[in-house]
Student: 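Okay, here's the structure, questions in a sec.
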Amino acid sequence: MPTATPPARALHLASHDTAGIVALADKYLTPNYKNAPIVFVRGEGPWNIAEDGKRYLDFSAGVAVNALGHGHPDLVAALQAQVALLIHQSNYWHNAHAAPLAQNLCDRFEQATGGVKARAFFCNSGAEGTEATVKLARRYHAKTLGKPRPGIITMQGSFHGRTYAAMTATAQPKYQDGFEPLVPGFKYAKFGNLASIEALIDDQTGAVMLEVVQGEGGVCVPPAGFFRDLRKLCDDRGLLLLLDEVQTGLGRTGTFFAFEQEGIVPDILWLAKALGGGVPVGAMLAREPVAQALVAGCHATTFGANALATLAGRVTLAVMDRDGLVEHSRDVGAFLLQRLHQEFDGRPYTVDVRGRGLMVGVAIQGDPKAVVEAARARGLLVSVAGANVLRLTPPLIVDRDHCDFAARTLREAADDVLAP
Ligand SMILES: Cc1ncc(COP(=O)(O)O)c(C=O)c1O
């Protein structure tokens, strides 16, 4: 009797030429993404390989996700072993990885804050971390403190995700257009401007939510001292300080948490993107006693704390520690910034070169999308942030040669488009 090819193997072997996949996507996927016509089939470290064999140096990393690069041997081996053992069970029981990952993250929080204790809630994405944070902040005021203060102040140009509360927190009209009515209770201040935050506080305000460095808004670095002043304002007015570290966290800006560079302690922070090295997992960390407001049954998510995802988080953190990737991000990030300055300073279209660690942006006069396409044609992947910023968020494993290539290639691409 002929043996049938196992289904997974058959899927893997099926011929997926680029034109065929693009045609299927055009026909069957909802049209909310404008995918470039490239089908990636493989990754090796900081490189991505497309179906047609072309190699690209990945300075986007799935938008700050693949911290260990692609196909990292430790992550691959651990995931393969875990898949064979257990992929998923529900939060009715424990698995072997969620609690140890929580311990790891809470220990880091405690260390970064000089002894502040926290607890972790796991979810699957950045937006889910935002939702959990909004719910916890409101519930803490309503139940623990006994006085509802549902108002949350967020920042113009922010990005917190696409679900309803996250989209409402995201103070950029283009992301909200057509989705009204939004979630009530949000007001928008200016990032880096304490007076504009203070002006919005009233007796309903319970929290201030912001990124440490605005990512999607254009790699906007806060002014010196702003976060210290904001922490004091929150303390004086009884407000929770909620830090979205979905993009900035996990070594991206050169310290494990970006808030460490600001000398403050948040009440709640949340992570996602890099945590699973590409496997979807997010985590909200809430300091005590705020965390206690999430009593049994009041919040949950089916896939949160999933064995495979939390194992991926443990391996990602272990590799980061073993290989010193946080320090590396700071050092090689400084080199990348310097090389970008060398390439872009003095060009007629350059507005600014800025960033922290390996979260770097080049603001230009002109269409950043056209430059991103030109860079791609030259074998470099970067993304657009804000209206006019070329954003570089490479894997934390890149070396100086990669940064050198990226800085030079991006400038050549910008010249192609903006100064031919
Ligand atoms: C700061 C920040 N928060 C939240 C999110 C939303 O994350 P996700 O797309 O995983 O829902 C993002 C995504 O880019 C982000 O950059």
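Just so you know, ligand 1 is whichever comes first in the structure, and atom 1 is the first atom listed for that ligand. Source: prediction; values computed, not measured.
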Student: Within the 4.0 Å heavy-atom shell around Ser125, which atoms of ligand 1 are there?
Tutor: 10 (O), 11 (O)
Student: Between the side chains of Arg391 and Glu216, is the shortest nitrogen-to-carboxylate-oxygen separation below 4.0 Å, so that they form an ion pair?
Tutor: yes
Student: Under a 4.0 Å N-O cut-off, is there an ion pair linking Lys117 with Glu110?
Tutor: yes
Student: Would you mind listing which atoms of ligand 1 come within a distance below 4.0 Å of any non-hydrogen atom of Val246?
Tutor: 2 (C), 3 (N), 4 (C), 5 (C), 12 (C), 15 (C)
Student: Can you tell me the protein heavy atom closest to atom 11 (O) of ligand 1 and the distance?
Tutor: Ala127 N, 2.8 Å
Student: Any Lys/Arg nitrogen of Arg231 or Asp267 sitting under 4.0 Å from an Asp/Glu carboxylate oxygen of the other?
Tutor: yes
Student: For ligand 1, is there an atom lying under 4.0 Å from some heavy atom of Asp244?
Tutor: yes
Student: Any nitrogen or oxygen of Gln247, main chain or side chain, under 3.5 Å from a nitrogen or oxygen of ligand 1?
Tutor: yes
Student: Determine yes or no for a side-chain-to-main-chain donor-acceptor pair under 3.5 angstrom, with Ser196 supplying the side chain and Lys190 the backbone.
Tutor: yes
Student: I need the nearest protein heavy-atom contact for atom 14 (O) of ligand 1: residue, atom name and distance, please.
Tutor: Lys273 NZ, 3.0 Å
Student: Between Glu216 and ligand 1, which residue portion shows a heavy-atom distance shorter than 4.0 Å: side chain, backbone, both, or neither?
Tutor: side chain
Student: Any nitrogen or oxygen of Glu128, main chain or side chain, under 3.5 Å from a nitrogen or oxygen of ligand 1?
Tutor: no
Student: Sequence neighbours left out, what passes side-chain hydrogen bond (donor to acceptor under 3.5 Å, both in side chains) with Gln214? Give chain and number order.
Tutor: none
Student: Nearest protein heavy-atom contact for atom 7 (O) of ligand 1: which residue, which atom, what distance?
Tutor: Gly126 CA, 3.3 Å
Student: Would the distance check show the side chain of Thr130 and the main-chain N or O of His160 forming a donor-acceptor pair, the cut-off being under 3.5 Å?
Tutor: yes
Student: Using a 4.0 Å heavy-atom cut-off, which part of Glu211 comes near ligand 1: side chain, backbone, both, or neither?
Tutor: side chain
Student: Kindly assign one of parallel, tilted or perpendicular to the pair Phe121 and His299, based on the angle between their ring planes and the thresholds 30° and 60°.
Tutor: tilted
